[in-house]
Protein chains: 2
Amino acid sequence: MRILVVEDDRDLNRQLVEALTDAGYVVDKASDGEEGHFLGDTEPYDAVILDIGLPQMDGLTVLEKWRRDGRVMPVLLLTARDRWSDKVAGIDAGADDYVAKPFHIEEVLARLRALIRRAAGHASSEITCGPLRLDTKTSKATVNGTALKLTSHEFRLLSYLMHHMDEVVSRTELVEHLYDQDFDRDSNTIEVFVGRLRKKMGMDLIETIRGMGYRIKSQDNRS
Amino acid sequence: MRILVVEDDRDLNRQLVEALTDAGYVVDKASDGEEGHFLGDTEPYDAVILDIGLPQMDGLTVLEKWRRDGRVMPVLLLTARDRWSDKVAGIDAGADDYVAKPFHIEEVLARLRALIRRAAGHASSEITCGPLRLDTKTSKATVNGTALKLTSHEFRLLSYLMHHMDEVVSRTELVEHLYDQDFDRDSNTIEVFVGRLRKKMGMDLIETIRGMGYRIKSQDNRS
DNA sequence: CAGCCACATTACCGATTGTTCATTCATCGT
DNA sequence: ACGATGAATGAACAATCGGTAATGTGGCTG
């Protein structure tokens with residue numbers, strides 16, 4: 001999962017990036033509204049953490065622009081405590097959730113997880129798909145109840161596929177969301193990892209759509 | 001850090017052990033009061049998670065016995081929700097903190113961290129020692145503000161030493177608290193890790209007391 | 001001073017993980 | 001049916017990490 005952090009407070013920005021990176025996200029950062037707006041407009045993110053008070057361009061303005069341009073990724077707004085007006089304005093501008101400053105980093109992480117889950121249309125921290133079950137909170141996966149021993153990259157790949165259940169996900173999309181930009185785009189790493197996942201899962205739950213990408217089917221809509 | 005879990009509910013026991021192991025603790029477990037009491041009496045633990053309702057021997061009885069025998073390790077009691085009497089009885093028996101069932105695992109982890117910190121005489125989640133700073137919450141260490149890149153074992157060793165600042169810690173003690181019991185007791189692994197820590201820290205903050213063990217000094221009480 | 005003992009240091013081993021490469025296999029359009 | 005393209009596979013590789021073993025070093029004791 002790839003996250004954009006737009007925050008001008010250097011220290012806070014660093015903290016957020018660090019925590020997110022530790023949690024296994026791929027993270028881009030911006031320190032002013034203009035840069036943030038540009039990145040959010042040009043790069044594909046699974047979620048954005050956006051401060052309201054920003055130099056160059058106000059956070060709400062950035063958000064409005066995105067929404068006008070049809071960008072639909074979930075946005076977590078950082079607001080000053082008890083600024084009710086900010087909250088209302090944020091809703092109007094198309095924000096999905098808020099955290100009031102000052103906050104605990106874990107609070108942000110939890111909200112973010114929930115946001116990404118909701119954006120993928122799941123209610124709880126668990127995503128189920130036939131015999132496959134994935135817990136986004138504990139980062140554990142089971143198939144038919146027995147735990148899978150996945151490495152961190154394997155888990156992140158599986159997680160992304162399950163968050164986009166029934167959608168065809170291209171290798172390009174996977175690379176963009178699971179690695180930072182300077183990753184060798186024409187390597188077959190993704191294929192290798194898909195193969196390893198298939199082997200570990202024992203059954204082939206990952207469908208290949210030739211020329212398009214991969215897909216995990218939600219139920220047993222066996223074609 | 002070595003933790004004892006005494007809980008008869010198989011499922012809950014498993015969950016706790018798993019979460020604790022994931023968090024980097026060395027964990028022993030018992031499923032009844034008798035076994036729990038024996039282990040807590042014979043093995044050195046940094047903390048105990050103790051259920052109140054146990055077969056063989058009630059949790060409070062176990063705790064009382066330990067305290068009568070002079071066992072001072074912090075104990076986190078698992079109680080039924082709203083059983084005020086349990087809480088009072090627990091205080092009398094020498095418990096250090098409570099979590100009411102049902103609980104979130106993270107709640108237990110947080111309380112446990114706090115308990116271990118407090119037992120070592122620290123107030124916040126950060127332990128500082130001259131240029132060295134260690135955050136038990138994020139598992140990160142810095143020296144003079146710059147982050148140390150420590151592996152998990154290195155961090156756990158440093159953490160244990162800092163939790164016992166100004167005390168001489170023997171190699172035996174370190175092995176007992178950082179590894180499970182079937183670890184080769186006469187290996188020089190500890191020396192090697194101390195060496196690696198010293199090199200990474202750039203300065204020798206870990207003192208060797210010949211024939212005794214190691215010590216981290218709190219301030220600059222240079223002898 | 002000799003020699004031992006405790007610790008330090010260095011190199012190395014084996015397991016795990018992420019990645020690349022070459023080869024094989026499958027699928028599709030013609 | 002055939003060839004070209006895309007995907008799967010297995011081997012191999014480098015990096016990292018935990019641990020082992022052999023050797024080096026320095027201080028204490030007899």
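Lettering of chains follows the sequences in order, A, B, ..., and the numbering in each one begins at 1.
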Partners meeting side chain to side chain contact (heavy atoms under 4.5 Å, CB included) with B/V175 (sequence neighbours left out): B/F183, B/I190

Test of understanding: with side chain to side chain contact (heavy atoms under 4.5 Å, CB included), list the residues that count as partners of B/E167, not counting sequence neighbours. B/H164

In terms of heavy-atom contacts, A/L50 and A/G59 come closest through CD2-O, 3.4 Å

Rounded to the nearest angstrom, tell me the gap between atom [atom1] in [X] and atom [atom2] in [N].
X: B/M212; N: C/dC5; atom1: CE; atom2: P; result: 17 Å
X: B/I190; N: C/dT9; atom1: CD1; atom2: P; result: 16 Å
X: A/R171; N: D/dT5; atom1: CZ; atom2: P; result: 16 Å
X: B/E207; N: C/dA6; atom1: CD; atom2: C1'; result: 16 Å
X: B/L150; N: D/dC17; atom1: CG; atom2: P; result: 10 Å
X: B/I206; N: C/dA8; atom1: CD1; atom2: P; result: 10 Å

[Y]/[X] salt bridge by N-O under 4.0 Å criterion:
X: A/D46; Y: A/R156; answer: no
X: B/E7; Y: B/K101; answer: yes
X: B/D97; Y: B/R111; answer: yes

Using heavy-atom distances to pick each residue's nearest nucleotide on DNA chain D, tell me which of B/T189 and B/K149 is more 5'. B/K149

Enumerate all atom pairs, one protein N or O and one N or O from nucleotides 25-30 of chain D, separated by less than 3.5 Å.
from: D/dG26; atom 1: N2; to: B/R210; atom 2: NH2; distance (Å): 3.0

A/M212 atom CE, neighbour heavy-atom count above 12 within 6.0 Å: no

Strand contacts (DNA chain D) in residues 172-187 of chain A, 4.0 angstrom heavy-atom criterion: none

Within residues 191-203 of chain B, those residues having any heavy atom closer than 4.0 Å to DNA chain D are B/V192, B/F193, B/R196

Option among B/E173, B/E43, B/E176 that satisfies the salt bridge (Lys or Arg N to Asp or Glu O under 4.0 Å) test with B/R2: B/E43

Where do B/M162 and B/L132 land on the side-chain contact (heavy atoms from CB on, under 4.5 Å) test, with the steps shown first? CA-CA 9 Å; B/M162 291 193 71; B/L132 232 182; 4.0 Å; yes

Look at the side-chain N and O atoms of [X] and state whether any lies under 4.0 Å from the OP1 or OP2 oxygen of [N].
X: B/T151; N: D/dT16; result: no
X: A/Y214; N: D/dG6; result: no
X: A/T208; N: D/dG6; result: no
X: B/H153; N: D/dG19; result: yes

According to ring-ring contact (aromatic ring centres under 6.0 Å, His included), who are the partners of B/H177, at least two apart in sequence or on a separate chain? B/Y160

ring-ring contact (aromatic ring centres under 6.0 Å, His included) filter on B/H122, not counting sequence neighbours, yields none

Taking atom types as modelled and ignoring hydrogens, do the side chains of B/D28 and B/Y45 form a donor-acceptor contact shorter than 3.5 angstrom? yes

Min side-chain heavy-atom separation B/L161-B/I206 under 4.5 Å: yes

Acceptor/donor pairs from residues 29-42 of chain A side chains to any protein atom, 3.5 angstrom cut, sequence neighbours excluded:
from: A/D32; atom 1: OD1; to: A/E34; atom 2: N; distance (Å): 2.9
from: A/D32; atom 1: OD1; to: A/E35; atom 2: N; distance (Å): 2.9
from: A/E35; atom 1: OE1; to: A/S31; atom 2: N; distance (Å): 3.3
from: A/D41; atom 1: OD1; to: A/R71; atom 2: NE; distance (Å): 2.8
from: A/T42; atom 1: OG1; to: A/F38; atom 2: O; distance (Å): 2.8
from: A/T42; atom 1: OG1; to: A/L39; atom 2: O; distance (Å): 3.4

Can you name the atoms? Protein N/O to nucleotides 22-24 of chain C N/O, anything below 3.5 Å, with the distance.
from: C/dA22; atom 1: N6; to: A/N188; atom 2: ND2; distance (Å): 3.4

Selection residues 187-198 of chain B - residue pairs positive for salt bridge (Lys or Arg N to Asp or Glu O under 4.0 Å), sequence neighbours left out: B/R171-B/E191, B/R198-B/D204

Just grab all the salt bridge (Lys or Arg N to Asp or Glu O under 4.0 Å) pairs involving residues 130-148 of chain B, residues at least two apart or on different chains. A/E18-B/K140, A/D22-B/K140, A/E106-B/K137, B/E126-B/R133

Among residues 20-28 of chain A, which ones have heavy-atom contacts with DNA chain C below 4.0 Å? none

